[in-house]
2 protein chains.
Amino acid sequence: MRSSADQPDDRTPEKAAFSGYQPLKEEIVRRQKALPKRLFQIAAFALDQPDEIAFGTVSSISKSIGVPPSAVIRFAQHFGFDGFIEMQRLFRDRMRERSSEYAERLQTLGRGADPLDGTGKTLEGFLAAGRQSMESALRSVSREVFSSAVSVLSGGETIYLLARRRSFPIVGYMAYAFGKLGLRCELASSSMGTDGDLLQFAGPRDAAFAVSFSPYAPETVAQAKALRERGVPLVSLTDSPFSPIAAISNVWFEVVETDYSGFRPLSASMVLALALSVAVAERKQWS
Amino acid sequence: MRSSADQPDDRTPEKAAFSGYQPLKEEIVRRQKALPKRLFQIAAFALDQPDEIAFGTVSSISKSIGVPPSAVIRFAQHFGFDGFIEMQRLFRDRMRERSSEYAERLQTLGRGADPLDGTGKTLEGFLAAGRQSMESALRSVSREVFSSAVSVLSGGETIYLLARRRSFPIVGYMAYAFGKLGLRCELASSSMGTDGDLLQFAGPRDAAFAVSFSPYAPETVAQAKALRERGVPLVSLTDSPFSPIAAISNVWFEVVETDYSGFRPLSASMVLALALSVAVAERKQWS
DNA sequence: GTGGACGCAGAATAATAATTTCATCGATCT
DNA sequence: AGATCGATGAAATTATTATTCTGCGTCCAC
């Protein structure tokens, strides 16, 4: 397998320190599997809580991790540093950069970035939009509505989930969450044509949740109508009071996702959907 | 309990310490004019370069300012601190907070309070968690990484999307976005067993994007490995540098979603995924 | 002008931290 | 099973750092 003369690279890199935090992090990740137990613990901690490394002392860090102080030193030396302090400098530099870059980004975020100026700003723009969506959702969704939606859904034996296209990921995640929470649900949104069969089993003792944003997918609307005719209680999530879905729902949420360069991140809807799922599970458990 | 004759010096009423950096700053400004020459120099430096105070030692700081070390100590004591270290803690706390501004607000919403006490809190808790995720994404995703991920993906003719279970909605939405944007992509995540066939067409001229959070779905890992072996460039989104996906990726994002009552809203990941999609489309259009 | 109080610098000291050393333990390979 | 090499943890050592102390100078009040 391995001969000693095979890889002389054990000695070559030791004198070369790292240029910054990021390269160090990559190196740690690369060598993580080859690390002894104690050094692995330290590696995990260093990547997980770099701030502690930046501020702490050898002994305070070693106590937090639960390893002897010498192990921390060995860790630094293992990665080519002269000692702990030399390694710590990287972590400190990182914090310096971090706080200045972060402040800059927050400003960008506050202003609401203009869409077309580069890939870096694209990310920030979407994050800004996401945050805005979250805040506006917090304002527009009243507790009463949320609570009654929970009542309706928790009254259902099986919860049918309706959504297409862009809205589909939302119910996809709900299905996952319901599964984890031990609730029965059906994703009536498969691309196969079996949905009709599925919905035939739905009745007044069940419940349905529909998601549809403009332009409203006709399949979703049709399925929702069908369910209503069969007496299935319906909760819906949409973006306008005039949505055809809202008109036929027992309870409906209006969530206006902030638009960024023509695309709406579904963050607020996702969060609402998840909160709804968990709340329903809680309500059911109680009853 | 405690039988020891507790230190009588434990009483610290006279020395009114400061509750945070901000109050200290105000106090310094207020007393600025009444300060002796040396202490004034130090005050000016402290307000001007708080980072240096946070990281430096007494002697390093005193050298930067051009005063003897003892003056720095006296400065701290002059403002009611026990010593330099006690004052330094405020400056360090400040840096910490700066990098997690939203943590406090989340706590305000009742972090310790059990999420089981009402449906209203459930929604608010999830929204707060979502917003914090967004903040943390802003901090942890560097522009360089984002940009190189865009490069890798925009270089692919077809983009293969890999994800299972909870991560699936993310790539689901990406598939929708790519479709709208006119980019070719393949969802290699169907529940049917045809994925193998699909991936056979992938080659070095394509690209792949994998999403996997702990616990990592073995199928995703396997597929990612298979693609890497075929020379397909890989970008991944995961929650730890130790993820098996990260290890084999050309570029990887680490997004830590804030946990609320055991569930993670994928808001930040969704936003990142969407931003990535749009940025890739922009880059492709340009070239 | 003189006495007193306060600020000051620099050395001395105490405290704490980083690093090295070394004996022991455990795994791996023969 | 025995030998070997690396990893480990506790303690010793060394370096650095914070803090205190003392004597000196300066400024103001009387």
Side-chain angles (χ1 to χ4, degrees), chain A residues 1-11 13-15 17 28 31-46 51-92, chain B residues 7 9-10 12 14-15 17 28 31-46 51-92:
Chain A
M1 300 278 182
R2 142 137 39 124
S3 85
S4 55
D6 215 338
Q7 298 279 356
D9 71 321
D10 255 352
R11 69 192 103 207
E14 298 308 336
K15 282 303 164 193
I28 292 177
R31 304 200 350 213
Q32 55 156 304
K33 288 162 193 162
L35 288 178
K37 188 170 51 180
R38 288 284 114 116
L39 299 193
F40 180 86
Q41 284 181 264
I42 298 169
F45 183 85
D51 292 8
E52 290 304 313
I53 307 280
F55 282 135
T57 68
V58 169
S59 56
S60 74
I61 292 168
S62 66
K63 268 172 202 147
S64 308
I65 309 181
V67 300
S70 52
V72 176
I73 310 277
R74 265 203 301 274
F75 178 80
Q77 290 170 339
H78 193 82
F79 281 92
F81 295 100
D82 194 45
F84 170 76
I85 294 190
E86 196 180 322
M87 181 182 80
Q88 190 183 43
R89 204 180 52 231
L90 286 193
F91 284 78
R92 293 188 164 182
Chain B
Q7 309 90 358
D9 64 56
D10 230 357
T12 50
E14 41 183 59
K15 308 211 168 182
I28 291 178
R31 291 166 51 180
Q32 198 174 14
K33 290 154 193 164
L35 287 177
K37 189 168 47 182
R38 286 284 117 114
L39 299 194
F40 179 84
Q41 286 180 265
I42 298 169
F45 183 84
D51 291 8
E52 289 304 315
I53 307 281
F55 283 133
T57 69
V58 169
S59 57
S60 75
I61 292 168
S62 65
K63 268 170 202 148
S64 305
I65 309 180
V67 299
S70 52
V72 177
I73 308 278
R74 263 184 295 123
F75 177 81
Q77 290 170 340
H78 193 82
F79 281 92
F81 294 101
D82 193 45
F84 170 75
I85 294 190
E86 195 180 320
M87 182 183 77
Q88 190 183 44
R89 207 184 50 231
L90 286 191
F91 284 79
R92 293 189 165 182

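Quick note on labels: first sequence line is chain A, next is B, and so on, each numbered from 1.
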Legend entry - Distance in angstrom units between Phe75(B) CZ and dC8(C) P, rounded: 12 Å
Inset, instruction - Work out which heavy atom in Phe55(B) is nearest to a heavy atom in Gln88(B); give both atom names and the distance. - result: C-NE2, 4.2 Å
Inset, instruction - Kindly say if Arg74(B) contacts the phosphate of dC8(C), meaning a side-chain N or O under 4.0 Å from OP1 or OP2. - result: yes
Inset, instruction - Scan Gln77(B) against the nucleic acid and name what it touches under 4.0 Å (heavy atoms): base, sugar-phosphate only, or nothing. - result: sugar-phosphate
Legend entry - Integer-rounded Å distance: dT17(D) P and Phe84(A) CZ: 13 Å
Legend entry - Distance-minimising heavy-atom pair for Ala43(A) and Ile28(A): CB-CG2, 3.8 Å
Inset, instruction - Mind calculating the distance between CD1 (Ile65(A)) and P (dT8(D)) to the nearest angstrom? - result: 13 Å
Inset, instruction - Provide, to the nearest angstrom, the distance between the CD atom belonging to Gln88(A) and the P atom belonging to dT16(D). - result: 15 Å
Legend entry - Nearest-neighbour nucleotide for the Ile73(A) side chain, dT19(D), dT8(D), dT19(C) considered: dT19(C)
Inset, instruction - Send over the distance from Arg38(A) CZ to dA27(C) P, rounded to a whole Å. - result: 13 Å
Inset, instruction - With the side chain counted from C-beta on, respond yes when Arg31(A) and His78(A) share a heavy-atom pair under 4.5 Å apart, and no when they do not. - result: yes
Legend entry - Val58(A) side-chain proximity, nearest of dT19(C), dG9(D), dT19(D): dT19(C)
Inset, instruction - Take the protein atom CG of Leu35(B) and the nucleotide atom P of dC6(C), then report the distance between them rounded to whole Å. - result: 16 Å
Legend entry - Distance in angstrom units between Glu86(A) CD and dT16(D) P, rounded: 14 Å
Inset, instruction - Assign Thr57(A) to base, sugar-phosphate, or nothing according to its heavy-atom contacts below 4.0 angstrom with the strands shown. - result: sugar-phosphate
Inset, instruction - Would you mind classifying the nucleic acid contact of Ser70(B) as base, sugar-phosphate or nothing, using non-hydrogen atoms under 4.0 angstrom? - result: base
Inset, instruction - Can you figure out which of dC8(C), dT19(D), dT19(C) approaches the side chain of Leu39(B) most closely? - result: dC8(C)
Inset, instruction - Apply side chain to side chain contact (heavy atoms under 4.5 Å, CB included) to Met87(A) and Phe84(A), showing your working. - result: CA-CA 5 Å; Met87(A) 181 182 80; Phe84(A) 170 76; 4.2 Å; yes
Legend entry - Side-chain heavy-atom pair Phe45(A), Val67(A) within 4.5 angstrom cut-off: no
Inset, instruction - Let me know the distance between NE2 of His78(A) and P of dT19(C), rounded to the nearest Å. - result: 17 Å
Legend entry - Nearest-nucleotide comparison on DNA chain C, the residue closer to the 5′ end among Pro69(B) and Ile85(A): Pro69(B)
